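Comments concern the structure below.
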Amino acid sequence: MKNIELYKPKLDDLWFREQCMSDSKTMNYNAGYDVHYSGYHYDTGCIDFPKEKWQSWVNDKLNNPNLFYAYILDKDTQSFVGYVNYEINKTKKATVGIVIKNEFRGQGYMRPALNLLIQNAKNNGVVALIDTVPQTREQALKVFYDLGFNKVGEFVSKKFNKNEIVFEIEKKL
Ligand SMILES: CC(C)(COP(=O)(O)OP(=O)(O)OC[C@H]1O[C@@H](n2cnc3c(N)ncnc32)[C@H](O)[C@@H]1OP(=O)(O)O)[C@@H](O)C(=O)NCCC(=O)NCCS
């Protein structure tokens with residue numbers, strides 16, 4: 001079992017977020033979506049996060065009580081391996097996200113990181129966690145289901161202009 005903790009990054013730690021978001025292997029899951037926000041690269045899924053943006057990101061995101069964002073820190077190797085986040089909506093449900101940096105994938109970080117995130121959300125008064133996961137991400141879905149998420153819906157999205165079935169999943173806390 002991985003020896004990890006959720007670590008709230010400081011301004012000087014944001015190089016890791018920049019590194020993740022500029023790595024096409026890590027961000028490939030995010031490519032090809034018909035979204036238009038500044039710094040998004042349709043072809044690779046990468047998102048620009050230059051140092052000039054770090055302070056305003058800390059002010060907007062890290063200091064927002066409805067957002068939780070943390071790095072996954074491997075305590076044995078003292079390395080950041082990815083990040084988790086959730087955003088609480090008006091009904092006290094929260095949308096979760098988890099990204100493991102490409103080079104650390106397949107090593108068993110997902111389940112323990114999500115377990116810590118679930119515990120954190122519970123302690124923070126969140127009533128349910130929700131996510132949208134493409135049907136093709138079978139290994140990720142398996143872990144979500146094992147941890148008590150259920151499929152509550154599905155919709156069709158476009159990835160590189162092709163239809164993609166996306167599952168809506170939820171776990172009551
Ligand atoms: C999805 C993601 C978080 C998984 O992270 P990861 O660290 O590679 O995951 P793990 O190593 O913990 O593997 C997850 C599960 O898949 C299984 N798995 C991993 N590689 C596998 C392989 N090659 N064949 C079969 N199963 C495999 C693992 O056994 C594990 O299941 P277990 O906990 O029951 O043992 C990572 O691929 C990622 O960041 N993807 C992009 C973002 C994303 O899709 N986020 C999730 C949906 S929002």
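Counting starts at 1 for both ligands and their atoms, in listed order. Quick caveat, the model's predicted, so the values are computed rather than measured.
If you chain together hydrophobic residues whose side chains sit under 4.5 Å apart, Val96 and Ile130 never meet in one group. Linking Ile, Leu, Val, Met, Phe, Trp and Tyr residues whenever their side-chain heavy atoms come within less than 4.5 Å leaves Val152 and Leu173 in two separate clusters.
Within a 6.0 Å radius of NZ in Lys151, more than 12 heavy atoms belonging to other residues, nucleotides or ligands are found. Other residues, nucleotides and ligands place more than 12 heavy atoms under 6.0 Å from the CD atom of Gln78.
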Exercise answer: donor-acceptor pairs, residues 65-77 side-chain atoms, under 3.5 Å, sequence neighbours excluded:
from, atom 1, to, atom 2, distance (Å)
Tyr69, OH, Arg17, NH1, 3.4
Tyr71, OH, Asp13, O, 2.7
Tyr71, OH, Arg17, N, 3.2
Asp74, OD1, Asp76, N, 2.8
Asp74, OD1, Thr77, N, 3.1
Asp74, OD2, Tyr109, OH, 2.5
Asp76, OD1, Asn3, ND2, 2.8
Thr77, OG1, Ser79, N, 3.4
Thr77, OG1, Ser79, OG, 2.9

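If you look at ligand 1, the protein residues with a non-hydrogen atom under 4.0 Å away are Tyr29, Ile98, Val99, Ile100, Arg105, Gly106, Gln107, Gly108, Tyr109, Met110, Arg111, Asp131, Arg137, Gln139, Ala140, Lys142, Val143.
With values rounded to the nearest 0.5 angstrom, Ile100 atom CD1 is found 11.0 Å from Asn102 atom CG.
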